[in-house]
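What follows is a set of notes on a single structure, which appears directly below.
From a predicted model like this one, the values you see are computed outputs, not experimental measurements. Each chain gets a letter, A, B and so on, in the order the sequences are listed, and its residues count up from 1.
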Amino acid sequence: MTPDRENEPPNPPQAVSDRPQPSRTPSDGDDAQKSLKYHLLGPSLTKAGQDAVDQQNVSEVIYNASKGSKFFNNEEVKDKNLTEKINRILSRKRQLEKLDLSHERRKADDYIAELEMGRDLSQVVIHIDCDAFYAAVEELDRPELKDVPMAVGKGVLTTCNYHARKFGCRSGMAGFVAMRLCPQLICLPLNFSKYSAKAEEVRSVLADYDARFESASVDEAYLNLTQYCQDHDLSPEDAVYQLRAEVHEKCKITVSAGIAANAKLAKIASNQNKPNGQFRIASDRQTIMEFMRSLPTRKVNGIGRVFERELDGIGIKTCGDIYAHRAYLSQLFGQKAFQFLMQCYLGLGRTKVQPAEDHERKSVGTESTFRELSAPDDLREKLRHIAEELEGDLKRTEYKGRTLCLKVKLHSYEVLTRQTAPPFAIHLADDLYKYGLPMLERLMKEIPNMKLRLMGLRATHIVSTKKAGIDFFGRHKATASSSKPPAALQTGKGTDDGEWEVWPEAEFEEAARQERDDEMNELEKLSQEQEKEAVSGINEEQWVCPICSLSQPPDDASFNSHIDFCLSRQTIKEAVKSTAPPESPKPQATLATRPPPAKRKAKRGRPKNETVSVDQGREKRRAFFQMPSTGSD
DNA sequence: GCGGATCAC
DNA sequence: TATGGTGATCCGC
């Protein structure tokens, strides 16, 4: 039985963890290849439709299709680093095993008792997930595609139907890899307005069951059916059957559902009987504990490929395995991860379901991938373009950023970020460019002949410019526009959260964006223009060159030439010192004086042996928890 | 606070 | 023959 074992990692993690030796073994090369192949299966391995697939074969095909590419090489490096990290975790665990852990065990038990006291089994929470949504919508227009393998998205699959999944195709997979797995695969271009309209249809049905439902993404939602079941004297199962039938009848697409006492369990449950199925985890402690006991860790939201392998490394394959290791977890993975894992073991999660509109955003950013570029002028032009994109996003969301983050991905797929704090909150393309450029120039100096495949800008520590209908300068804004964006979110427009199936797409945002732009009245536009002028005026007076600290002439052309001039006579180290807050001078100095190739290598190899003395003190971990609103904590 | 990493969607 | 974009969090330093 154990229906979930098909997604277990084929072998590599076990091969490592079962070995008692403290150090590496001769066969690590094989293990490395195995773990890499597992890694290459991608993040959506746990998606439905893969049960009957020969994952061994699929991973061979992916491996062979990717081998030798830059992408592949980067994955290999990441995988190797992870394996070393797991070895450090294991080593740390062996140390802990020699100690008296009764105190840690006691602390864990106390925490479990505390969590148990807060367990709430009174709510009926459901998670609704549309089946292969993009593909399903496309099939409505072209029914003949129902019977053949079909995917949506080119270059990379956004989603695919269940015929395609039988071949091992998955969302997130490179198109050319998918074609190797399934040469007859039909790939359709994305059509967001179509999917958006369909999503609204689905949401209007959901609203009848719980007016305060929560759109988790465009094709997912949480509902609290407690009241509905009471009012209509229905069992949760029957209510959900009815809901799914109604969606099918009105929208002509199928949805899967999970029913449980909290959102975490409901989410897991909705994946059990996909597609077009539902699954209930009964709301009694015994049933929940038994369900979790055999549940592979990866099935839990928040445990991805990396954490799964780390847990597997110390012998945790299912959520039930967590208990036996409770005394180690805090030391090995950190306090947050410890608490998170305890909740997984107990099957606890938030019971609160609410519209996500009150969720205050923390950053606004944009990034894009392009053909490899290395010419400084090209890179500057890209930055300029990204800055303009971001200005648009900041304008629409009505925010300014106190901090600006530059992100680049090298041709090797290595990702680097740099951030800077302008003297005031910025949102105009000119400013975004001005403060972004020194970071870019600095990177170009650090990495001679830098070749990029991606560039992005993100504003963080953002401040709203629309609070209480008063704008940044204290003027009253047009009321229509200041109340509109939240309303759009509330109706589940969801322009800010993740999108269908797996990937948010730029075009999708574009569509929603367009709608809101249309609603912006002339008065508002005028006000924006005035603001822009006012801000630029202030900028010119206040701005000083981050490199030489002299004030600058206002127009872009002279600004650019000045920056070029400045950089040509400044060392990178000095540029860094004046753009960024004071940093520890030693690493900068050594970096700046070391020859370029050595620099790159040193960077790459950093998480290795040399720094072990620092690292092994504590390998902390984990994210999660603060998914958009974890109620039950 | 910064930069790297992980995760979800 | 070319492997995504947006947002969030956590951790070590």
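Residues A:L379 and A:L440 come closest through the heavy atom pair O-CD2, 3.7 Å.
If you check B:dC9, C:dA8, C:dG7 against the side chain of A:R458, the one that comes closest is C:dG7. Distances were taken from every side-chain heavy atom of A:K267 (C-beta onward) to each of B:dC9, B:dC2, C:dA2; the shortest belongs to B:dC9. For A:A174, the side-chain atoms get nearest to C:dT3 when compared with the rest of C:dG4, C:dA8, C:dT3. Comparing C:dA8, B:dC7, B:dC9 by their closest approach to the side chain of A:V306 singles out B:dC7. Set against C:dG4, C:dA8, C:dT3, the side chain of A:T369 has C:dG4 as its closest nucleotide. For A:L454, counting side-chain heavy atoms from C-beta on, the closest listed nucleotide (C:dG5, C:dT3, C:dT6) is C:dG5. Of the candidates B:dA8, C:dG5, C:dA2, the closest approach to any side-chain atom of A:E372 belongs to C:dA2. Looking at the side chain of A:T417, the nearest of the listed nucleotides B:dG4, C:dG4, B:dC9 is B:dG4. Listed nucleotides: B:dG4, C:dT3, B:dC2. Nearest to the side chain of A:L416: B:dG4. Comparing atom distances between the A:F307 side chain and each of B:dC2, B:dC7, B:dC9 picks out B:dC7 as nearest.
A:K70 forms no cation-pi arrangement with A:Y413, by the criterion of a distance under 6.0 Å to the ring centre and an angle within 45° of the ring axis. Remark: A:K93 qualifies as a cation-pi partner of A:Y328 under the 6.0 Å distance and 45° angle criteria applied to the six-membered ring.
The CD atom of A:E214 sits 14 Å away from the C1' atom of B:dC9 (whole-angstrom rounding). When rounded to the nearest whole Å, the span between CG of A:D129 and C1' of B:dC9 equals 10 Å. Atom C1' of nucleotide C:dT3 and atom CD1 of A:I62 are separated by 11 Å, given to the nearest angstrom. As rounded to whole Å, 16 Å separates atom C1' of C:dA2 from atom CE of A:M179. Following rounding to the nearest Å, A:E310 (CD) and B:dT6 (C1') show an atom-to-atom distance of 9 Å. Atoms CG (A:L404) and C1' (B:dG1) sit 15 Å apart, rounded to a whole Å. Summarising the geometry, the separation between CZ on A:R298 and P on B:dT6 is reported as 13 Å, rounded to the nearest angstrom. Atom-to-atom, CG of A:N81 to C1' of B:dA5 comes out at 11 Å; the value is rounded to the nearest Å.
In this structure, A:R418 contributes its side chain and A:L406 its backbone to no donor-acceptor pair below 3.5 Å. Not one N or O on the side chain of A:S196 forms a donor-acceptor pair closer than 3.5 Å with the backbone of A:F192.
Between C:dG4 and B:dC7, the distance separating the two C1' atoms is 15 Å to the nearest Å.
At the phosphate of C:dG4, OP1 or OP2 sits under 4.0 Å from a side-chain N or O atom of A:R453. Side-chain nitrogen and oxygen atoms of A:S368 include none within less than 4.0 Å of the OP1 or OP2 phosphate oxygen of C:dG5. In this structure, A:R305 does not reach the B:dT6 phosphate: none of its side-chain N or O atoms is under 4.0 Å from OP1 or OP2. At least one side-chain nitrogen or oxygen of A:R442 sits closer than 4.0 Å to the OP1 or OP2 atom of B:dG3. Here A:K85 does not reach the OP1 or OP2 of B:dG4: none of its side-chain N or O atoms lies under 4.0 Å away. For C:dT6, neither phosphate oxygen OP1 nor OP2 lies less than 4.0 angstrom from any side-chain nitrogen or oxygen of A:R361.
Within 4.0 Å (heavy atoms only), A:F72 reaches no atom of the nucleic acid at all. As judged by a 4.0 angstrom heavy-atom cut-off over every strand, A:T366 is placed among residues touching the sugar-phosphate backbone only.
Considering only residues two or more places apart in sequence or on other chains, A:S363 meets the side-chain hydrogen bond (donor to acceptor under 3.5 Å, both in side chains) condition with A:R458. Every residue two or more places apart in sequence or in another chain that forms a side-chain hydrogen bond (donor to acceptor under 3.5 Å, both in side chains) with A:S256 is listed here: A:D131.
Both A:E367 and A:K70 lie close to DNA chain C; mapped to their nearest nucleotides by heavy-atom distance, the more 5′-ward contact belongs to A:K70.
In this model, no side-chain donor or acceptor of A:S363 finds a partner on the base of C:dT6 within 3.5 Å.
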